[in-house]
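Letters go in sequence order (proteins before strands), and every chain restarts at 1.
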2 protein chains.
Amino acid sequence: MTEINDVASLIIQISLMHAKQSAAASPTSIVFTGATAPVASLGANKATHLRLQALTRYVGARSGDSRVTDNSASQVVLVVDGAVKLIASASAGRTQVMGFYFKDDFIYVPARETHAYNLCALKDCELVAFPATEFIRLAQSDKTLNNNFLSHLLRALSRCREKSLALGQKTARERVATFLVSMAERIGAPFSNGALLDLPMSRRDIGDNIGLTIETVSRQMTELRNAGLVSTSGRSQVKILDLAALKQEAGHLSGLS
Amino acid sequence: MTEINDVASLIIQISLMHAKQSAAASPTSIVFTGATAPVASLGANKATHLRLQALTRYVGARSGDSRVTDNSASQVVLVVDGAVKLIASASAGRTQVMGFYFKDDFIYVPARETHAYNLCALKDCELVAFPATEFIRLAQSDKTLNNNFLSHLLRALSRCREKSLALGQKTARERVATFLVSMAERIGAPFSNGALLDLPMSRRDIGDNIGLTIETVSRQMTELRNAGLVSTSGRSQVKILDLAALKQEAGHLSGLS
DNA sequence: CGGGAGTTTGACCTGCATCAATGGCAGTGG
DNA sequence: CCACTGCCATTGATGCAGGTCAAACTCCCG
């Protein structure tokens with residue numbers, strides 16, 4: 001799979017001019033801090049730049065903001081900085097957190113259909129949103145952009161399937177372990193034979209993500225702590241002490257490459 | 001989203017020559033019966049045809065066959081005819097049915113990773129498989145093929161997210177109703193204000209798909225029958241008597257287009 | 001140094017899994 | 001064509017993982 005980060009850099013740069021003024025209008029005065037890597041490294045052609053620029057819709061969101069994007073049409077969103085969650089709503093106010101997304105992640109946010117999808121900010125964010133149909137049309141004329149988008153979709157599908165497996169088959173203990181392993185891989189700082197995590201989401205968000213209640217999440221965290229697999233400090237700091245053991249706990253298949 | 005069926009027709013036709021001899025070698029002597037719509041209607045260019053043809057790997061599978069495709073590398077599979085299930089395995093022999101696929105469906109089957117994925121035939125099948133990386137490379141030089149593949153991925157992601165929502169939030173009753181609604185939309189024959197279904201999968205498959213045991217699936221089917229929403233005959237025939245009511249039961253958001 | 005939201009812990013309950021037995025469909029051989 | 005047979009589905013009885021309800025605690029912010 002090729003690099004998504006490159007596309008992020010491209011889009012950040014393309015968005016800069018647009019963003020600056022929008023940012024000023026935003027209540028929080030968030031400004032872009034993204035890197036401005038040379039576009040040339042991407043291999044994208046000039047036409048792509050100009051047309052992407054025309055599509056760009058900058059979104060600055062404050063922590064806790066929900067319905068960050070318009071959901072009357074499908075959107076492709078890039079997280080420039082911050083952290084967001086994608087939530088789906090069923091009837092009776094139940095919500096499922098479909099996923100968490102961080103710096104340089106792409107998100108495909110479908111239009112409201114049998115269930116409603118919304119993007120919510122977990123902390124102050126800088127996002128760039130594109131109408132999906134136009135983004136896709138544009139990607140078709142630029143191989144690199146298309147390739148990156150495809151990679152993203154395949155990865156998103158893969159992650160979603162992993163989650164389905166977890167939700168359908170795994171116990172509470174395994175789900176929490178799986179969640180921690182996944183977070184370690186995505187936003188963990190390497191640490192001894194484990195990782196150091198600073199989770200931006202609440203216990204409720206975690207529970208809604210892995211299909212458990214906050215109480216059960218909390219209890220499982222306690223058990224993992226008692227088992228010496230993790231240690232915690234404060235609400236969001238989690239130190240994974242033994243990643244291999246945690247993966248075992250997560251019910252992953254062992255003995256592969 | 002554009003038509004996937006067209007691509008199916010294309011590939012069927014392209015595969016015909018290849019397939020015929022492979023079919024003869026197959027123990028079941030399955031032969032292609034697919035339509036041979038003119039390739040011109042697809043708008044795919046000639047180079048695409050020739051290269052797709054070179055990639056084509058015909059697979060004839062008998063009902064019950066598992067591990068239909070090689071899982072050492074990711075595959076793109078097209079169901080020419082029949083029905084298959086995509087299963088994922090966690091440790092301890094637990095399996096999750098990630099999805100059911102029917103005529104003209106595309107399937108992206110990832111290589112074995114943290115969990116193993118396998119395709120299993122639910123009835124005698126005619127399939128065409130391509131190595132994913134080469135298929136994608138090829139798709140990049142053909143806009144229509146690329147577009148169709150993208151549509152497929154977006155739909156697959158959408159369905160997978162719906163399943164995550166169901167597995168994470170819904171009750172047994174809602175899950176069974178959701179499953180039936182989904183099947184009605186995909187393989188149901190319209191019938192009064194409902195649909196007629198001939199389910200090719202066992203109760204176990206259904207249970208493994210929606211995260212329930214066979215007993216619970218059976219009990220919920222009975223309850224739905226007692227509630228007058230469906231009627232059944234034999235093991236596989238299900239008649240949905242009131243689709244709207246069943247959707248309500250499925251916990252879908254109401255009051256939308 | 002309060003105050004309030006988020007978290008942890010405890011007690012209890014429920015929905016679904018598990019275990020067990022019966023019932024019925026489909027494929028086979030007489 | 002019908003009886004046999006084995007698998008699959010249904011139904012019932014019971015147990016438990018995780019949900020629910022409730023209370024104490026702790027972090028974080030003003």
Give the rounded distance in Å between these two atoms: [atom1] of [X] and [atom2] of [N].
{"X": "Q169(B)", "N": "dG19(D)", "atom1": "CD", "atom2": "P", "answer": "10 Å"}
{"X": "I206(A)", "N": "dG6(C)", "atom1": "CD1", "atom2": "P", "answer": "14 Å"}
{"X": "L167(A)", "N": "dG18(D)", "atom1": "CG", "atom2": "P", "answer": "13 Å"}
{"X": "R173(B)", "N": "dG15(C)", "atom1": "CZ", "atom2": "P", "answer": "13 Å"}

- Contact summary for V97(A) and D205(A), nearest pair of heavy atoms: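 Reported closest heavy-atom pair: CG2-O, 3.7 Å.
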
- Query: With a 4.5 Å heavy-atom cut-off, do E162(A) and M98(B) have their side chains touching?
  - Reply: no

- Query: Backbone N or O of P110(A) within a donor-acceptor pair of the Q75(A) side chain at under 3.5 Å?
  - Reply: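 Between the backbone of P110(A) and the side chain of Q75(A) there is no qualifying donor-acceptor contact (under 3.5 Å).
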
- Query: Are the side chain of E126(A) and the backbone of G82(A) linked by a donor-acceptor contact shorter than 3.5 Å?
  - Reply: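 Side chain of E126(A) to backbone of G82(A): no pair is present.
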
- Query: With distance as the sole criterion, is a donor-acceptor pair present between the side chains of T232(A) and R225(A) under 3.5 Å?
  - Reply: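 Yes.
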
- Query: dC27(D) base to R235(A) side chain: any donor-acceptor pair below 3.5 Å?
  - Reply: yes

- Message: Which label fits F100(A) and F179(A): parallel for a plane angle under 30°, tilted from 30 to 60°, or perpendicular past 60°?
- Response: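 If you compare the ring of F100(A) with that of F179(A), the planes turn out perpendicular.
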
- Message: For DNA chain D, which residues of residues 207-226 of chain A approach it to below 4.0 angstrom with any heavy atom?
- Response: G211(A), L212(A), T213(A), E215(A), T216(A), R219(A)

- Query: Nearest nucleotide by nearest heavy atom, which residue falls closer to the 5' end of DNA chain D, G234(A) or S202(B)?
  - Reply: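 Between the two, 5'-proximity favours S202(B).
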
